[in-house]
Colleague: 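Structure below; questions to follow.
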Amino acid sequence: MRLFVTGGAGFIGSNFILYWMKKYPEDKIINFDKLTYAGNLENLKEVEKNQNYTFVQGDICNQELVNAQTNGADIIVHFAAESHVDRSILDASPFIQTNIVGTHVLLEAALKNKIPRFHHVSTDEVFGALSLNSDKKFTDDTPYDPHSPYSASKASSDHLVRAYGDTYGLPFTLSNCSNNYGPYQFPEKLIPLAITNIIEGKKVPVYGDGLYVRDWLYVVDHCEAIDAIIHKGTLGKTYLVGGQDRTIPNIEVIKNIITRMDADESVIEYVKDRPGHDRRYAIDWTTIHNELGWSPSHSFEEGILATINWFKDNTTWWKNIKSGAYQDYYKTQYK
Ligand code: NAD
Ligand code: TYD
């Protein structure tokens with residue numbers, strides 16, 4: 001199989017490429033990535049010399065280049081996006097451009113080149129927020145209700161993918177997954193930010209009352225879900241993908257990390273809340289389980305331990321990121 005992967009130098013995309021090349025060494029992968037601040041070829045050192053792996057630096061908004069590069073692919077696996085809610089609040093423009101316009105460019109290329117399959121990777125944030133006083137989960141029938149520029153742009157991209165299926169017969173699958181964590185996650189997101197700040201002896205910023213709840217999905221479990229969808233998923237369908245543990249408030253996530261790292265709770269610093277902050281996310285992944293036999297195999301306890309160990313063992317990776325432009329972002333965001 002020839003896979004055209006967008007955003008393969010980012011967190012989930014690079015985990016996916018490493019996973020795929022190990023499991024399916026005969027397959028050929030083109031990793032098409034613009035290398036924004038979030039893209040890092042260091043993540044792919046293990047495969048960079050593999051003859052079945054090719055890296056192409058490019059912007060998914062460039063129709064001519066995308067048309068040329070997707071020609072001959074058996075599948076487009078679309079990860080590329082601006083992915084951080086806080087950055088979308090500071091400046092929504094790149095989110096509109098990459099997440100909406102870029103997805104449209106890819107859809108056009110998929111039609112033009114008659115690509116037999118298009119898998120779109122999206123988020124549970126398109127569904128909005130659940131309340132703390134219920135045990136409801138997002139299901140296949142939950143209506144869209146995005147609250148941040150990030151989630152609104154992803155919602156828009158989901159609608160475009162489905163519209164291309166309905167209108168032009170584009171053969172697609174779509175997945176909405178919950179918060180991923182694991183190796184190679186950019187240290188602007190909660191878990192890698194907390195781990196690396198603790199190692200550096202810095203405070204860990206907690207938004208608002210810290211009682212926001214996320215559904216934590218270990219990134220390898222997510223890669224396995226996409227694998228199942230690509231090989232067995234029904235065209236035209238959406239699959240919801242989530243983790244084993246859906247009830248841990250942010251403050252407990254941070255305390256868990258603090259305990260495991262032998263740090264002190266004095267590192268916790270409550271800061272101003274995020275505007276439009278979604279209270280709770282939780283995924284009902286019954287459909288993908290019943291239909292494709294997938295379920296997340298890592299508990300939060302296992303996943304967080306593996307993640308902490310990875311960041312402890314790979315300090316050069318994140319220290320390089322945290323110097324330079326990252327400092328400017330951090331000052332603006334946490335001033
Ligand atoms: P990331 O920010 O770590 O990586 C994004 C990658 O896309 C980077 O390599 C970047 O260089 C590339 N990119 C950005 N704009 C581009 C453009 N215009 N053209 C080509 N490449 C471009 O993101 P991630 O966390 O790996 O997320 C991957 C996908 O999964 C995204 O679509 C995101 O919305 C979705 N998702 C992520 C999470 C999560 O918890 N991280 C949860 C649900 C869904
Ligand atoms: P984040 O990792 O940004 O993912 P998302 O916004 O996509 O869910 O944030 C996860 C949760 O952690 C979210 O409720 C916001 C919160 N958070 C903090 O409390 N402090 C921080 O410094 C960050 C980045 C996030």
Side-chain angles (χ1 to χ4, degrees), residues 5-17 31-41 43-44 56-62 65-66 77-89 94-95 97-99 101-103 105-106 120-126 129 147-148 150-151 153-155 157-158 175-182 184-194 197 203-219 222 226 241-243 248-251 253-254 268-274 276-281 283 330 333-334:
V5 175
T6 70
F11 162 47
I12 306 174
S14 60
N15 273 283
F16 175 79
I17 290 175
N31 172 14
F32 188 90
D33 197 296
K34 183 178 175 180
L35 297 183
T36 67
Y37 79 91
N40 190 345
L41 291 179
N43 306 6
L44 295 150
V56 177
Q57 183 166 8
D59 188 332
I60 55 166
C61 299
N62 181 337
L65 184 61
V66 168
V77 190
H78 178 29
F79 293 96
E82 288 293 336
S83 69
H84 190 37
V85 173
D86 293 326
R87 288 189 193 250
S88 82
I89 295 168
F95 291 73
Q97 195 59 27
T98 286
N99 300 1
V101 177
T103 300
V105 165
L106 282 165
H120 180 58
V121 178
S122 192
T123 168
D124 61 354
E125 304 196 19
V126 298
H147 296 147
S148 71
Y150 164 65
S151 53
S153 67
K154 291 296 290 187
S157 68
D158 293 9
S175 52
N176 296 98
C177 72
S178 59
N179 286 64
N180 284 223
Y181 67 102
Y184 301 112
Q185 186 166 29
F186 195 90
E188 64 190 352
K189 307 276 167 52
L190 179 68
I191 287 179
L193 182 82
N197 275 17
K203 297 276 187 193
V204 177
V206 179
Y207 294 164
D209 58 13
L211 299 179
Y212 294 85
V213 176
R214 297 295 183 257
D215 174 328
W216 294 104
L217 171 65
Y218 191 57
V219 65
H222 185 194
I226 298 174
V241 181
I248 318 167
N250 291 342
I251 189 68
V253 169
I254 290 164
I268 294 170
E269 182 172 44
Y270 286 92
V271 299
K272 198 158 97 3
D273 209 350
R274 171 189 281 173
H277 198 168
D278 288 334
R279 189 42 99 173
R280 185 170 71 87
Y281 302 142
I283 291 262
Y330 202 86
Q333 176 61 23
Y334 297 100

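Every number for a ligand or one of its atoms is a count from 1 in the order of the listing. Residues take their numbers from the sequence shown, with the count starting at 1. What you see is a predicted model, and the numbers here were worked out from it, not measured in a lab.
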Colleague: Heavy atoms only: which of Thr36, Ile60, Asn31 is nearest to atom 19 (N) of ligand 1?
Modeller: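 Checking each option, the heavy atom nearest atom 19 (N) of ligand 1 is found in Ile60.
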Colleague: For a quick test of reading the model, state the closest non-hydrogen atom pair linking Trp216 to Leu190 and the distance between them.
Modeller: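 Scanning both residues, the minimum pair turns out to be CZ2-CD2, 4.2 Å.
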Colleague: Counting only heavy atoms, tell me which of Thr123, Ile12, Asn179 gets closest to atom 38 (C) of ligand 1.
Modeller: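 Nearest heavy atom to atom 38 (C) of ligand 1 lies in Ile12.
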Colleague: Quick one: which of Gln185, Arg87, Glu125 has a heavy atom closest to atom 7 (O) of ligand 2?
Modeller: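 Heavy atom nearest to atom 7 (O) of ligand 2 belongs to Glu125.
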Colleague: Can you tell me which portion of Tyr212 lies within the under-4.0 Å heavy-atom range of ligand 2? Options are side chain, backbone, both, or neither.
Modeller: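 Just the side chain.
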Colleague: Looking at non-hydrogen atoms alone, which of Glu188, His277, Gln333, Arg274 comes nearest to atom 3 (O) of ligand 2?
Modeller: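 Closest candidate by heavy-atom distance is Arg274.
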Colleague: Looking only at non-hydrogen atoms, find the nearest pair between Phe11 and Asn15 and report the distance.
Modeller: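 Shortest heavy-atom contact: O-ND2, 2.9 Å.
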Colleague: Going by distance only, is there an N or O of Glu188 that falls short of 3.5 Å from an N or O of ligand 1?
Modeller: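 Among all N and O atoms of Glu188, none is under 3.5 Å from an N or O of ligand 1.
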Colleague: Looking at ligand 2, does Tyr334 have a heavy atom less than 4.0 Å from it?
Modeller: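 Contact check Tyr334 vs ligand 2: positive.
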Colleague: When you look for heavy atoms under 4.0 Å from ligand 2, do you find them on the side chain of Ile191, its backbone, both, or neither?
Modeller: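 Under 4.0 Å from ligand 2, Ile191 contributes no heavy atoms.
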Colleague: Taking heavy atoms and a distance under 4.0 Å, where does Val85 meet ligand 2: side chain, backbone, both or neither?
Modeller: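 Side chain only.
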Colleague: Would Arg87 and Glu188 pass as an ion pair if we require N to O under 4.0 Å?
Modeller: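 Salt bridge present between Arg87 and Glu188.
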Colleague: Hey, is Asn179 touching ligand 2 through its side chain, its backbone, both or neither, going by heavy atoms under 4.0 Å?
Modeller: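 Within the 4.0 Å criterion, Asn179 contacts ligand 2 through side-chain atoms alone.
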